[in-house]
Structures are given as structure tokens and as C-alpha cells.
Amino acid sequence: MEPARPEFVPDPALSRGEMESLQREIAAEATFADDLGFDPAALRSDPEQHRLGEDVGDGSDSAPAQPLVAGVDQAFVDDVAVSAVVVSRGDEVVERVHAAVETEIPYIPGLLSFREGGAILAALGELRRTPDLLVVDGSGRIHFREAGLATHVGVLFDVPAIGVAKSLLCGRPRESLDGKLSVGTTVGIEADDSVETATPGALIGHAVQTRQYDSPKRHVNPLYVSPGHRVGAETVPELVLATTAGYKLPEPTRLADSDADEAKAAVRDDRA
DNA sequence: GCGACAG
DNA sequence: ATCTTGTCGC
């Protein structure tokens, strides 16, 4: 897979101000509305769900083809970033690639793309199939300039993408997230003053409870999900819940996470 | 000046 | 993200 918009390749040599203006351009090119090439319901791996769906219209009773979903995640060994991408169709993994690239800049909140982008670009460049959806670790529209990692990667390759983060970068929950939320609960995240490119109050993402404990003592924190590209904020929660299978993180992310860890160990050995 | 801040 | 043993709870 090659970038559809080479001009948006994240260059870590840019000045901070140049990185920020590139992000504003990317946000302006991003589509924060549904333009997926598939029906979100087709993500459900359970075949029962398909038969309950509406008629495909071709006279057959077959389920719609399941979309190719790619999980993208990174691991680090000193200043080397290892990016892993795992592509699946339903429960079947159809392709896995990874790449290790030296990082050029430190972690700076809001500029993650410029630190991890090189490795991600290298890994996606090895992919021979084009995913229908990219599940990226980190934020998308929930970002100071609405151009988080998921947005940057999605627009760069012009592929639908969503961002899945374990903590909130910016924005404000519309309802309290304190206490114990049950699985399936979603709470809107709206833009606050820190989101400089959005109208305050605009919906930029959601907190989604993908897992919870039964006991009243301990509780699991929600995930913070947002549109990357070609997906509306209202649709992201169902995409995340549909790809989650009993764990807090979506399955695509868990697969990529585990591959990144393996590749990291190999990189560590090569350097030792 | 102070606080907040994905991975 | 990463460094890490034990430990609490299902």
C-alpha cells in the first residue's frame, strides 16, 4: 500500500510550527462522516447476525462479504519504533507485516504522528492488500487540531480509519465518567477550548465501555475513540464494539499489539 | 505563571 | 511507550 497523499507524509525534520500547520491541512482534508465501503453490521464475526440482517437483494441468502480490518500498533526499543499491522477478515488473519524505524523526535503530546509515522508508513508500505478499515492506537479527531495519529494515517492513505486511545488527550465528556459504566455504554466527548480547530461543544468522539468486571469493587476504565477519516463520530463506537471480543481492546489492536511485542524482542536481540 | 497532555 | 514482583479479585 502506498500513500494516496504523499504531501502529508509526516516529516520529523519539520519545525513544531510546520508540523502543526500540516496537521491543520490534514484536518481540513479529513472526512468526519461515514464514507466506509462496507456495512458496519458486516463486521460482526458471528454468522447469526448476518442472517438476521436485511436481504442483500441478489436473491441469495449469503451474508455480505466481511471487510478487511487492520490493527496498527507500535512498540519501542530505545529510539527504535516497531510498527505492526495485522489484517483480518472476520476471525481470520489474512496478512501481517511490521517494520522498525529510528524515531527522530521525542514524544510530544499532539505530535505523535511525527514520532511514530515513519515506522507506520514503512509497515503499511509492506502491505499487499488494502484494508477497508484501519484501527489505530491513539486519537483521531480527539486532538488539538483534530488531526491525531488515526486522522493523519487515514488521510495519508485515504483509507477509513478510527482512533482507539486508553486515555483522553483533550475534549470534555458530556456526562460523568466516574464510577462503573456497563459494557456498551457510550458517552460523547465534545470539543473544549483546547481543540482550536473545532466549534466548542462539537462532538469529536466517545468514551466507550468495552469491558467491565462483575464485582462491585474494581472497575475497568473506558476507551476513548474517535474518527480518523471517512467515519462519523456517531459510528465509531459501534465499529469498536463490533471488533471487541471479551477484552478491553478491540481484537485488531490486540493482534497488532502482540505482533509489535514479538518484533520488539527481535529488534532487541539484533542490537544486543 | 499554572495546568493538561494519545503513545 | 517502557521498566517490573507481587498481588488482589474474578
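So that the names make sense, note that chain A is the first sequence line, chain B the second, and so on, each numbered from 1.
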Length of the line joining A:His143:NE2 and B:dA6:P, which is rounded to integer Å: 11 Å
Are any of the side-chain heavy atoms of A:His143 and A:Leu169 separated by less than 4.5 Å? yes
Applying a 4.0 Å non-hydrogen cut-off, can you work out what A:Gly163 is touching in the nucleic acid: base, sugar-phosphate, or nothing? nothing
Among C:dC8, B:dA6, C:dC10, the one nearest A:Leu112 by side-chain distance: B:dA6
How would you label the contact of A:Ser215 with the nucleic acid (heavy atoms, under 4.0 Å): base, sugar-phosphate, or nothing? sugar-phosphate
Under the salt bridge (Lys or Arg N to Asp or Glu O under 4.0 Å) rule, what do A:Arg115 and A:Glu104 come out as? Steps first, then yes or no, please. CA-CA 6 Å; A:Arg115 172 173 167 75; A:Glu104 304 293 338; over 6 Å; no
Where A:Val153 and A:Leu134 come nearest, the two heavy atoms and their spacing: CG1-CD2, 3.9 Å
Sorted by number, residues from residues 178-196 of chain A placing a heavy atom under 4.0 Å from DNA chain C are none
Between C1' of B:dG7 and CZ of A:Phe76, the distance in whole Å: 6 Å
State, yes or no, whether a side-chain contact exists between A:Leu156 and A:Pro3 at a heavy-atom distance under 4.5 Å. yes
Report yes or no: do A:Ser83 and A:Gln74 form a side-chain donor-acceptor pair below 3.5 Å? yes
If you check every side-chain atom of A:Ser167, which of B:dA6, C:dC10, C:dC8 has the closest atom? B:dA6
Length of the CD-P vector between A:Gln23 and B:dA6, whole Å: 14 Å
Is the ring centre of A:Tyr107 under 5.5 Å from the base ring centre of B:dG7, and are the two planes under 30° apart, so that they stack? yes
Under 4.0 angstrom, heavy atoms only, what part of the nucleic acid is A:Leu223 near: base, sugar-phosphate, or nothing? nothing
Residue A:His98 excluded, over 12 heavy atoms near NE2 under 6.0 Å: no
With no hydrogens and no angle check, do the side chains of A:Ser182 and A:Gln212 hold a donor and an acceptor under 3.5 Å apart? no
In terms of side-chain heavy atoms of A:Lys166, which of B:dG7, B:dA6, C:dC10 is nearest? B:dG7
Does the side chain of A:Thr253 pick up a donor-acceptor pair with the side chain of A:Asp137 at under 3.5 Å? no
Both A:Val77 and A:Asp214 contact DNA chain C. Taking the nearest nucleotide for each, which residue is further toward the 5' end? A:Val77
Kindly state which residues belonging to residues 250-272 of chain A come within less than 4.0 angstrom of DNA chain C, counting heavy atoms of the residue only, listed by number. A:Lys264, A:Arg268
Rounding to a whole Å, what distance do you find between A:Arg218:CZ and C:dC8:P? 11 Å
From C-beta outward on A:Ala75, which listed nucleotide comes closest to its side chain: C:dC10, C:dT2, C:dC8? C:dT2
Does NZ or CZ of A:Arg254 come closer than 6.0 Å to the centre of the six-membered ring of A:Tyr247, within 45° of the ring's axis? yes
Check every atom of C:dA1, C:dG9, B:dC5 against the side chain of A:Pro109 and return the nucleotide holding the closest atom. B:dC5
Please give, in whole Å, the distance from B:dC5 C1' to A:Glu146 CD? 17 Å
Just how far, in rounded Å, is P of B:dG7 from CG of A:Asp73? 10 Å
Atom CG of A:Leu111 and atom P of B:dA6: how far apart are they, to the nearest Å? 12 Å
Does a donor on one side chain and an acceptor on the other come within less than 3.5 Å for A:Glu18 and A:Ser15? yes
Rounded distance (Å) that lies between atom C1' of B:dG7 and atom CG of A:Leu168: 14 Å
